[in-house]
Asks: 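Just passing along the structure, written as structure tokens.
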Amino acid sequence: METDANAVHLDAILARNHHSAEYLLQILRDTQAYSGCIGPDAVNHLSRKLRIPRARIESVASFYSFLHLKPHGEYRVLFSDNVTDRMQGSEALMTQMCQQLWLQPGKVSEDGLVSIDTTSCTGMCDQGPAMLVNDRAVTNLTHQRIQEIGQLIRNRTPLADWPAAFFHVEDNIRRSGLLLGHTLLPGEVLRAALSPDSEKIVEAIKSSGLRGRGGAGFPTGLKWEACRNANNGSEHYVVCNADEGEPGTFKDRVLLTRQADLVFEGMTLCALAVGAKKGFLYLRGEYSYLLGPLRAVLQERRESNLLGEKIFGRPGFDFDIEIHLGAGAYICGEESALIESLEGKRGIPRNRPPFPVTHGYLQQPTAIDNVETFCQAAMVIHMGAEKYRAIGTAKSSGSKLISVSGDCPRPGIYEYPFGTAVRDVLQDCGAVNTRAVQISGPSGICVAESEFDRRLGFEDLPTAGAFMVFDDSRDMFEVARNFVHFFAHESCGFCTPCRVGTSILKDTMDKIAAGHGTRFDLNEVEHLDYVLQTTSHCGLGRTACNPVLHTLKHFRPAYESRLKSLDFEPGFDLDGALARARQMTGRDDAGAHLKTEEI
Ligand code: SF4
């Protein structure tokens with residue numbers, strides 16, 4: 001039953017979000033923060049006020065793993081389930097907490113106090129194991145800390161009264177370079193870009209050779225130029241993709257903490273270059289603790305006339321930035337899915353073409369880049385294209401932030417010029433007896449010891465930034481199994497090959513792990529890869545088999561030692577499945593059984 005008080009709160013939430021269905025995701029986040037879940041009364045109210053069907057609201061709410069249509073406990077505990085968290089003992093910690101609170105994973109306690117489950121990587125791999133409690137990241141978990149958290153939950157202690165140390169997030173910057181070492185003041189780059197000729201921004205970015213740092217490496221200058229030249233819409237937009245969900249990646253977390261001004265400076269430069277008046281920063285839900293500090297930086301920039309109307313007093317140069325929060329959907333890191341999410345929809349990748357540069361946010365020309373790319377763009381304008389291009393390699397100019405995690409004594413953020421060898425990173429982070437390095441997350445490349453002289457860069461090892469180290473005590477089969485579980489969990493379900501294929505892949509790896517696999521299963525993974533490569537709608541499906549194929553190439557014995565037989569062996573007992581039919585017909589003679597060769 002909807003009360004007046006609830007209606008008043010919901011109306012206030014709607015007012016904060018412009019009474020617009022494009023803000024639906026933010027409205028649903030705020031609704032849940034107020035009442036614990038998005039209940040039927042709230043759905044009815046929002047549907048009526050926003051004039052959209054209930055089905056749309058429910059379909060959006062059910063898409064994002066951090067949103068709930070039913071109560072999920074006063075305390076929602078989600079253990080980060082990246083492979084590095086597991087290596088640091090997250091499974092045992094979760095078991096301990098479940099036992100302490102008398103609870104099964106995935107269930108809500110009978111008194112509605114708490115639920116415990118896992119979530120994909122929370123971006124705290126350098127200080128894991130980690131968890132989220134009501135969207136707040138808790139790092140450096142130990143058995144002692146879990147014990148204390150269990151007690152706080154039992155006592156219904158509000159999160160605001162928990163020890164601040166539980167929520168402390170270290171930056172762990174181990175090696176600074178171009179971006180992390182700069183001493184620029186807010187507005188310094190922007191002021192330089194305004195004089196003598198701001199038209200030259202795109203030219204400078206183009207001749208610097210800057211490529212997007214999200215992994216694909218599309219030339220940034222070409223993107224900005226295409227967006228500037230698009231004349232199909234009435235508005236242009238700038239979007240910063242801060243939804244870094246690739247397991248093992250946490251560089252944007254550090255840039256947004258330490259270099260927020262540089263991020264916003266890069267976005268404002270882009271706005272000047274493409275003619276945008278409005279920008280969005282889409283922040284992953286796992287980093288919601290950064291929302292307050294980032295909004296404070298935006299406010300300071302407004303007060304310094306670095307945002308708002310007539311920036312630096314220049315007529316027509318109006319630009320402002322809004323922050324939108326994601327809600328636990330990895331696929332929203334894909335740029336067109338992110339734009340859908342920004343429009344208040346399910347984060348399902350769009351058909352491309354048309355590309356966002358012509359048909360992005362609200363079908364208007366949109367320049368979308370990630371956090372690091374905007375910072376690099378600002379540095380290009382500060383240094384000049386020629387100087388910038390001299391850093392790195394011929395096809396990969398500038399520097400790259402690497403998120404190092406796993407088996408090494410110094411995990412954290414390392415900034416290198418492109419062209420740095422894997423071996424050099426390993427040496428800097430103190431890794432010894434390294435068996436393999438996973439570059440650029442589960443969809444990236446697994447590099448074995450014989451390849452440690454390979455170099456980071458678009459010519460050899462392109463990377464969005466993850467660098468997970470595995471020493472010789474690690475079982476690379478289990479690493480790959482964790483990655484395929486991740487893909488099956490994060491597939492958005494839009495296209496059948498990916499939805500079914502990632503599930504088959506997960507089941508195949510589980511079957512092999514359980515000792516029921518055969519060589520047939522290994523061959524099937526290659527067939528599955530072909531199907532996913534040729535029929536998937538987006539990169540998630542196309543790369544889902546990579547972890548298995550790469551580890552099979554380098555560590556085949558880890559697979560073969562688990563196979564029940566090197567020859568074909570069925571994974572399903574067909575004759576056994578007919579037992580009920582035999583029972584119903586009263587037959588159990590030889591003719592009612594399948595012969596071995598028929599099976
Ligand atoms: Fe969604 Fe997977 Fe299809 Fe991508 S490939 S659209 S993640 S189902």
Side-chain angles (χ1 to χ4, degrees), residues 25 56 58-67 81-82 118-121 212 214-216 218 239 241 243-249 282 284-286 326-356 359-361 363 366 368 370 440-445 464 466 480-510 524-550:
L25 179 55
R56 173 165 169 204
E58 288 174 345
S59 119
V60 169
S62 60
F63 182 83
Y64 296 91
S65 65
F66 290 175
L67 297 181
D81 198 28
N82 186 24
T118 56
T119 186
S120 300
C121 180
F218 190 81
V239 174
N241 181 347
D243 194 40
E244 64 168 355
E246 198 72 70
T249 314
Y282 186 97
R284 76 181 300 221
E286 289 81 347
Y330 164 77
I331 193 62
C332 289
E334 198 276 347
E335 62 179 17
S336 66
L338 185 149
I339 290 171
E340 287 283 294
S341 181
L342 211 49
E343 292 180 1
K345 302 177 194 158
R346 294 160 70 89
I348 290 175
R350 292 176 176 173
N351 285 331
R352 293 181 301 173
F355 292 96
H359 294 76
Y361 180 66
Q363 297 299 314
T366 303
I368 176 166
N370 79 358
S440 207
S443 56
I445 302 166
R481 190 154 81 102
N482 175 275
F483 290 164
V484 300
H485 272 253
F486 165 77
F487 284 128
H489 182 255
E490 294 295 346
S491 166
C492 79
F494 171 71
C495 53
T496 307
C498 171
R499 185 179 66 246
V500 178
T502 52
S503 188
I504 290 175
L505 187 61
K506 172 178 77 94
D507 291 346
T508 302
M509 290 295 276
D510 287 349
E524 275 304 286
V525 174
E526 282 172 23
H527 293 147
L528 190 57
D529 180 52
Y530 176 75
V531 173
L532 286 175
Q533 291 268 5
T534 50
T535 58
S536 291
H537 183 57
C538 83
L540 187 151
R542 287 196 287 273
T543 57
C545 291
N546 282 1
V548 180
L549 296 176
H550 291 177

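This is a predicted model, so every value here is computed, not measured. In listed order, ligands and their atoms are each counted from 1.
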Asks: Quick one: does S536's side chain have a donor or acceptor within less than 3.5 Å of a partner on Q533's backbone?
Replies: no
Asks: Could you tell me if the side chain of I348 sits less than 4.5 Å from the side chain of F63, heavy atoms only?
Replies: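 Side-chain contact under 4.5 Å: yes.
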Asks: Identify which protein N/O/S atoms are less than 2.8 Å from atom 4 (Fe) of ligand 1.
Replies: C538 SG
Asks: Atom OG1 in T502, atom CZ in F487: separation rounded to 0.5 Å?
Replies: 9.5 Å
Asks: Quickly, which of E335, E334, E343 forms a salt bridge (charged side-chain N to carboxylate O under 4.0 Å, His left out) with R350? Name it, please.
Replies: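 Single pass found, and it is E343.
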Asks: Looking at S443, C121, S120, which hits side chain to side chain contact (heavy atoms under 4.5 Å, CB included) with F486?
Replies: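 Going through S443, C121, S120 one by one, the side chain to side chain contact (heavy atoms under 4.5 Å, CB included) with F486 is satisfied by S120 alone.
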Asks: CD1 of I331 to OG of S491: how many Å apart, nearest 0.5 Å?
Replies: 7.5 Å
